[in-house]
Amino acid sequence: MKPSIPKGTRDFLPEQVVKRNYIFDTIESVFKLFGYVPIETPSMESLETLTGKYGDEGDMLIFKILNSGDYLSGVNKDGLSEISSTELASSIAGKALRYDLTVPFARYVVQHQNDLTFPFKRYQIQPVWRADRPQKSRYREFYQCDVDVIGSKSFLNEIELIQIIDQVFSELGVKDFKIGINHRKILAGLAESLSISDKFSDMVTALDKWDKIGEEGVGKELDSKGVHRDGIAGIMKFAKATSLADLGDLGQSEEGKQGINEVSKILSKLDKLGIKSCLFNATLARGLSYYTGTIIEVVADGFSGSICAGGRYDDLTGIFGMKDVSGVGVSFGADRIYDLMEERNLFPSDANVSTEVMFANFGEEEASFCLPLLKEVRAEGINAELYPDSAKMKKQFSYADAKHVPYVAMIGADEMAKNELTLKTMETGEQRTIKSADLVKELKR
RNA sequence: GUGGUUGUAGCUCAGUUGGUUAGAGCACCUGGUUGUGGUCCAGGGGGUCGUGGGUUCGAGUCCCAUCUUCCACCCCA
């Protein structure tokens, strides 16, 4: 059998894992800095927990898990031709792999409400799965790094999340990122003022494609969905707004005004904090159906797809039986950030150094002699290893070279007798003999 | 899910209108150098041509199916 892994999944080489950890560690340290605490949830949830939260398209992209045992036992085989695949799925699969971290989080909050202190600020870094067709920077298994505050309606949370985004990408060295912000209530106000509230979700998905298919494409799509001419004209005018001031009063819509007011406050506070990366974007809409307030999306110039996104959701916990709990959060797409950073060579070069010094192996006696030295070096927090076999020097040096080990220490019979060692700097090729006792001092220079 | 695309050595790829024993570079192993990598020289190992069917005297090459890759759509981190 030829070894292989399922479509859209990946194995990672040590060098890749080191780089991935660099991203995870950076993100996590910023999350902690703002007072968020970690949680984890299982990779699988009850199917009904997930279905209906992501829109019709979303349901199809959920990976279902076949029931254990005879999974056909609950199926009426005679009626098989008449039932829909959704109905069949729910009778043979009671569990599914999580599609994102937000819905499981809402479930978690409701389930553990008595053990949590609100407002609850958590972060969660775990993989999610989508039965999508893979493409560049689109995988079937990928990591999301979520930060959310639940149980607080304050827009200070939005400001905090945007600060987090700004800090994470700055620390990672991604320079040209842009944080777009919009508000579901602004969009709802627009629909209301144009009397097309019944076409709200069609309007949202069409508007979201503005950057991709342009004015004409969006117009066509709206027309095909049955939006009347005045409505399309109004949406077009709206889409071209570059600031909140361009929106006017949105036809006296109370809801629209609320949205504008909130975004305006957020932007002015960010301005005072010196954060210039966040801008109002009228065409930012977001397809996920659970957003009700602010929506946020981060893109980088020349990189297709968002690298971080989120928003406010007012009713997610309500579905699980806990009313009036508003939450807001964003999710960093670690795998896309990796691809972006790889493309632009943004990983620090020392990210692939694991061992700082390797001791060459000259034989059993010499190797034993190295052991206390290794212990001493490691006690100083210096990563060190001893080549396990007394192989030829050529082989041992090739190994060190392949592993990007910067220093190789050699202790043969001569050095052993004098309590010395020969230290070679791999990059320059220079080497010199020093007292064993001076090794740590030498490596720390 | 829809449309297109890709698959030959560990990796990147050649391989003519179907024709005898499928090649190169890199990587790997051995030696030149019994205490020296990244350069150089010599030699060596490694391929059910993604998989399964079919057409043919003969298939890496043509046909069908399937899996995989990448791309567009849908949607999304």
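Look at the C1' atom in both B:A59 and B:A22: the space between them is 13 Å, to the nearest Å. Going from the P atom of B:G53 to that of B:C13 covers 29 Å, rounded to whole Å. The same atom, C1', is picked in B:A27 and in B:U12; the two are 11 Å apart, to the nearest Å. B:G58 and B:C73 have their C1' atoms separated by 43 Å, given to the nearest Å. Taking atom P on both B:C70 and B:U30, the two are 35 Å apart, rounded to the nearest angstrom. Rounded to a whole angstrom, the distance from the C1' atom of B:A14 to that of B:G23 is 7 Å. A gap of 16 Å separates the P atoms of B:U2 and B:C74, to the nearest Å. Comparing B:C71 with B:U21, their P atoms are spaced 40 Å from each other, to the whole Å.
Looking only at distances, no side-chain donor or acceptor of A:D132 sits under 3.5 Å from a matching main-chain atom of A:R138.
Considering only heavy atoms from C-beta on, A:T9 stays 4.5 Å or farther from A:Y139 through its side chain. Between A:D315 and A:V325 the shortest side-chain heavy-atom distance does not fall below 4.5 Å. Side-chain contact check for A:V110 versus A:I319: every heavy-atom pair is 4.5 Å or farther apart.
Between the CZ atom of A:F303 and the P atom of B:A77 there is a distance of 14 Å, rounded to whole Å. For the pair A:D59 CG and B:C75 P, the computed distance is 15 Å after rounding to whole Å. To the nearest angstrom, C1' of B:C76 lies 14 Å from CD1 of A:I295. Distance CZ (A:R140) to C1' (B:C75): 14 Å, rounded to an integer number of Å. Atom CD in A:Q126 sits roughly 15 Å away from atom C1' in B:A77 (whole-Å rounding). Rounded to whole Å, the distance from CD on A:E15 to P on B:C11 is 17 Å. The CG-C1' distance, from A:D132 to B:C74, rounds to 8 Å in whole Å. For the pair A:E297 CD and B:C75 P, the interatomic distance rounds to 13 Å; values are reported in whole Å.
Classification of A:E262 and A:K185 as a salt-bridged pair fails, no side-chain N sitting under 4.0 Å from a carboxylate O. The pair A:E160-A:K121 meets the salt-bridge criterion, with a side-chain N (NZ, NE, NH1 or NH2) lying under 4.0 Å from an Asp/Glu carboxylate O. Salt-bridge formation is not detected for the pair A:R130/A:D100: no Lys NZ or Arg NE/NH1/NH2 atom is positioned less than 4.0 Å from an Asp or Glu carboxylate oxygen. Ion pairing between a basic and an acidic side chain is recognised when a charged N comes within 4.0 Å of a carboxylate O; A:E215 and A:K240 show such pairing. Salt-bridge check for A:K220 with A:D223: failed, with every basic side-chain N at 4.0 Å or more from each acidic carboxylate O. Under a 4.0 Å N-O distance rule, the pair A:K424/A:E430 does not qualify as a salt bridge. A salt bridge between A:E385 and A:K403 is present, with a side-chain N of the basic residue lying under 4.0 Å from a carboxylate O of the acidic one. A salt bridge is defined here as a Lys NZ or Arg NE, NH1 or NH2 lying under 4.0 Å from an Asp or Glu carboxylate O, and A:R20 with A:D335 meets this definition.
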Could you give the side-chain donor-acceptor pairs of residues 43-50 of chain A under 3.5 Å, partners two or more places apart or in another chain?
| residue | atom | partner | partner atom | Å |
| --- | --- | --- | --- | --- |
| A:E45 | OE1 | A:R107 | NH1 | 3.0 |
| A:E45 | OE2 | A:R107 | NH1 | 2.5 |

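Residue-level contact check: A:K209 touches the backbone only, with heavy atoms under 4.0 Å from sugar-phosphate atoms and none from bases. The residue A:C145 sits apart from the nucleic acid: no heavy atom pair falls under 4.0 Å. Here A:G305 lies out of heavy-atom contact (under 4.0 Å) with every strand. In this structure, A:A400 reaches neither bases nor backbone, as no heavy-atom distance under 4.0 Å exists between it and the strands shown. Nucleic acid contact class of A:G217 (heavy atoms, under 4.0 Å, all strands): none. Nucleic acid contact class of A:E415 (heavy atoms, under 4.0 Å, all strands): base. Across all strands shown, A:Y139 has heavy atoms under 4.0 Å from base atoms, whether or not it also approaches the sugar-phosphate.
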Which atom pairs link the protein and nucleotides 2-6 of chain B when you take only N or O atoms and keep those under 3.5 Å?
| residue | atom | partner | partner atom | Å |
| --- | --- | --- | --- | --- |
| B:U2 | O4 | A:R133 | NE | 3.3 |
| B:U2 | O4 | A:R133 | NH1 | 3.0 |
| B:G3 | O6 | A:R133 | NH1 | 3.2 |

Distances for protein N/O vs nucleotides 36-43 of chain B N/O pairs under 3.5 angstrom?
| residue | atom | partner | partner atom | Å |
| --- | --- | --- | --- | --- |
| B:U36 | O2 | A:K424 | NZ | 2.7 |
| B:U36 | O2 | A:Q431 | OE1 | 3.4 |
| B:U36 | N3 | A:Q431 | OE1 | 2.7 |
| B:U36 | N3 | A:Q431 | NE2 | 3.2 |
| B:U36 | O4 | A:Q431 | NE2 | 2.5 |
| B:G37 | O2' | A:D401 | OD2 | 3.1 |
| B:G37 | N7 | A:K424 | NZ | 3.1 |
| B:G37 | O6 | A:M426 | O | 3.4 |
| B:G37 | N1 | A:M426 | O | 2.4 |
| B:G37 | N2 | A:D401 | OD1 | 3.2 |
| B:G37 | N2 | A:M426 | O | 3.1 |
| B:G38 | O4' | A:D401 | OD2 | 3.1 |
| B:G38 | N2 | A:E427 | O | 2.9 |

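Residues from residues 333-341 of chain A that place a heavy atom under 4.0 Å from any atom of RNA chain B, listed by number: A:G333, A:R336.
With sequence neighbours left out, A:K209 forms a side-chain contact (heavy atoms from CB on, under 4.5 Å) with A:I213, A:E221.
Each of A:I5 and A:S304 was matched to the nucleotide of RNA chain B holding its nearest heavy atom; the match closer to the 5' end belongs to A:I5. Each of A:T9 and A:A413 has a nearest nucleotide on RNA chain B; the 5'-most of these lies closest to A:A413.
For A:K7, whose side chain is taken as the heavy atoms from C-beta onward, the closest listed nucleotide among B:U68, B:C71, B:C70 is B:U68.
Under the 30°/60° scheme for interplanar angles, the aromatic rings of A:Y143 and A:F24 are found to be tilted.
Judged by distance alone, with hydrogens and angles left aside, A:R138 brings a side-chain donor or acceptor within reach of the base of B:C75, the pair sitting under 3.5 Å.
Residue ring and base: A:F142 counts as stacked with B:A77 (centre distance below 5.5 Å, interplanar angle below 30°).
Other residues, nucleotides and ligands contribute over 12 non-hydrogen atoms within 6.0 Å of the NZ atom of A:K435.
For RNA chain B, each stem of at least three Watson-Crick or G-U pairs (distances under 3.5 Å) is given as range with range: B:1-4 with B:70-73, B:10-13 with B:23-26, B:28-32 with B:40-44, B:50-54 with B:62-66.
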